[in-house]
Amino acid sequence: MQQIFDKANSVLLEINSSAPANNDELEQFRIKYLGTKSVLKDLFGHMAQLPNERKKEYGQLMNTLKAAAENKFEELRQSFQTGKSSKTETPDLTAPGYDIPLGTRHPLSIIKNKMIEIFGRIGFAVVEGPEIEDDWHNFTALNTPADHPARDMQDTFFLSEDKNTLLRTQTSSVQIRVMENEKPPMRYIFPGRVYRNETITARAHCTFHQIEGLYIDENVSFVDLKQCIFYFAQEMFGRNTEIRFRPSFFPFTEPSAEVDISCFVCGQKGCPVCKYSGWVEIGGCGMVDPAVLENCKIDPKKYSGFAFGMGIERITMLKYQINDLRLFLENDIRFLKQFSAG
Ligand code: DAH
């Protein structure tokens, strides 16, 4: 009985050590171990002679043998096949490589970078703040009373039941973060994404980008603000650009203004971009309200400053004459391909 086991074990050894070197030898191997009259079939036949209590053990040994033969066969069959094809198809090492398509910058990134560069030349450094904000930084510290329409559910995406956590609706929130943590003088811009609960149309979106500016020092005046915006407008839209300030209201600035630039598309002759008025709006600005300085523990008797906010989408749409806000987020290659940073 032990002889039957010994025989099976020696066949296992044989299978494991055999090394068919080509397809013919492999075929011999197959016939010998896996064919209809194979050694394995023969060994299976001995099962009947074994006492019942050893049949299970023998059966397992047989399975091992079969698996060993099948695996070796399959492995060698595949390697002979690939070996064969690599002999006939030597790769052409001189063939030109594949083109790697180069991407382009997103138009919003191009304009954002340009704005950062322009303001950088007159001393503004970049700071970024969180998109998830609290009520204090987005509203309260910015002198926005609890009943201000900007706090309405219509406009703000709240993230908590108590309405304390929200997606910032304006980059003005970063003004507060910086003023709370630094002492004047300070001169920064804050680029970033903002969110508003608006219906998406060609002119409005639930998310867009702003660049906020903040300059706080002793003796900062409205003249400084005007000169700063004037410099930006000329650098961005061309040397012939003029600016116009219209009185306006923002809770965190006093006085406040909205800024128009002369229409660079038609040279103020009147066109669809300026709606035949000769002027286009680019943002809001004003002198930082003393109440806001106080909220950030900055002495309004000693320091004053100005702030401004501009929509990056708005500037980009003007600059490239894009008339649908939704295009920026659709990732349509035909749209994105048109812009280059040059
Ligand atoms: N935060 C304002 C908005 O989203 C824009 C703005 C206006 C920012 C005036 C300012 C400012 O810093 O002084 O509509």
Side-chain angles (χ1 to χ4, degrees), residues 112 115 119 124 126-131 133 135-145 148-152 154-157 166-180 184 186-198 203-217 220-230 232-233 243-261 280-293 295-296 298 300 303-315 317 325:
K112 181 184 82 173
M115 292 172 81
F119 284 114
F124 286 83
V126 174
V127 169
E128 289 186 11
E131 291 176 18
E133 261 302 359
D135 176 279
W136 171 256
H137 293 93
N138 196 78
F139 291 128
T140 304
L142 285 162
N143 206 26
T144 308
H148 194 278
R151 287 178 161 226
D152 202 290
Q154 295 281 306
D155 298 314
T156 309
F157 288 115
L166 45 88
L167 292 175
R168 69 176 174 197
T169 59
Q170 50 189 358
T171 44
S172 307
S173 56
V174 195
Q175 287 187 33
I176 304 301
R177 291 199 169 265
V178 166
M179 285 193 282
E180 280 175 338
M186 49 182 94
R187 187 161 21 176
Y188 294 112
I189 46 170
F190 319 120
R193 192 189 273 272
V194 299
Y195 301 85
R196 290 196 193 166
N197 193 355
E198 300 230 17
R203 317 219 118 246
H205 214 293
C206 60
T207 178
F208 53 98
H209 300 78
Q210 294 183 325
I211 282 197
E212 189 88 9
L214 179 71
Y215 179 31
I216 311 279
D217 201 347
V220 177
S221 76
F222 204 89
V223 176
D224 300 313
L225 167 60
K226 246 184 145 171
Q227 183 56 39
C228 173
I229 300 288
F230 183 58
F232 167 75
I243 58 167
R244 173 175 91 169
F245 276 43
R246 271 182 294 111
S248 185
F249 172 81
F250 297 102
F252 36 87
T253 42
E254 182 58 37
S256 306
E258 271 166 304
V259 183
D260 295 341
I261 56 164
V280 282
E281 190 192 319
I282 59 163
C285 64
M287 302 306 290
V288 178
D289 194 304
V292 175
L293 294 176
N295 285 338
C296 302
I298 292 174
Y303 295 106
S304 57
F306 63 74
F308 57 85
M310 291 184 237
I312 301 180
E313 276 80 356
R314 169 126 192 97
I315 307 276
M317 288 169 91
L325 195 51

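Atoms within a ligand are numbered from 1 in the order they appear, just like the ligands themselves.
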Begin with the C-alpha distance, continue with both residues' side-chain angles, and end with the deciding distance and a verdict on salt bridge (charged side-chain N to carboxylate O under 4.0 Å, His left out) for E133 and R177. CA-CA 10 Å; E133 261 302 359; R177 291 199 169 265; 2.6 Å; yes
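Ring-plane geometry between F124 and F306 is classed as tilted, the angle between the planes lying from 30 to 60 degrees on a 0 to 90 degree scale.
Summarising the local packing, CZ of R203 is surrounded by 12 or fewer heavy atoms from other residues, nucleotides or ligands at distances under 6.0 Å.
For the pair F250 and S172, the minimum side-chain heavy-atom distance is 4.5 Å or more. No side-chain heavy atom of D289 sits under 4.5 Å from any side-chain heavy atom of T253.
Here the straight-line distance linking atom CE of M179 with atom CE of M186 works out to 7.0 Å at 0.5 Å rounding.
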Check: every ligand 1 N/O to protein N/O pair under 3.5 Å:
| from | atom 1 | to | atom 2 | distance (Å) |
| --- | --- | --- | --- | --- |
| ligand 1 | 1 (N) | Q170 | OE1 | 2.8 |
| ligand 1 | 1 (N) | S172 | OG | 3.0 |
| ligand 1 | 4 (O) | R196 | NH2 | 2.8 |
| ligand 1 | 4 (O) | Q210 | NE2 | 2.9 |
| ligand 1 | 12 (O) | Q175 | NE2 | 3.2 |
| ligand 1 | 12 (O) | E212 | OE2 | 2.5 |
| ligand 1 | 12 (O) | F308 | N | 3.4 |
| ligand 1 | 12 (O) | F308 | O | 3.3 |
| ligand 1 | 13 (O) | A307 | O | 3.1 |

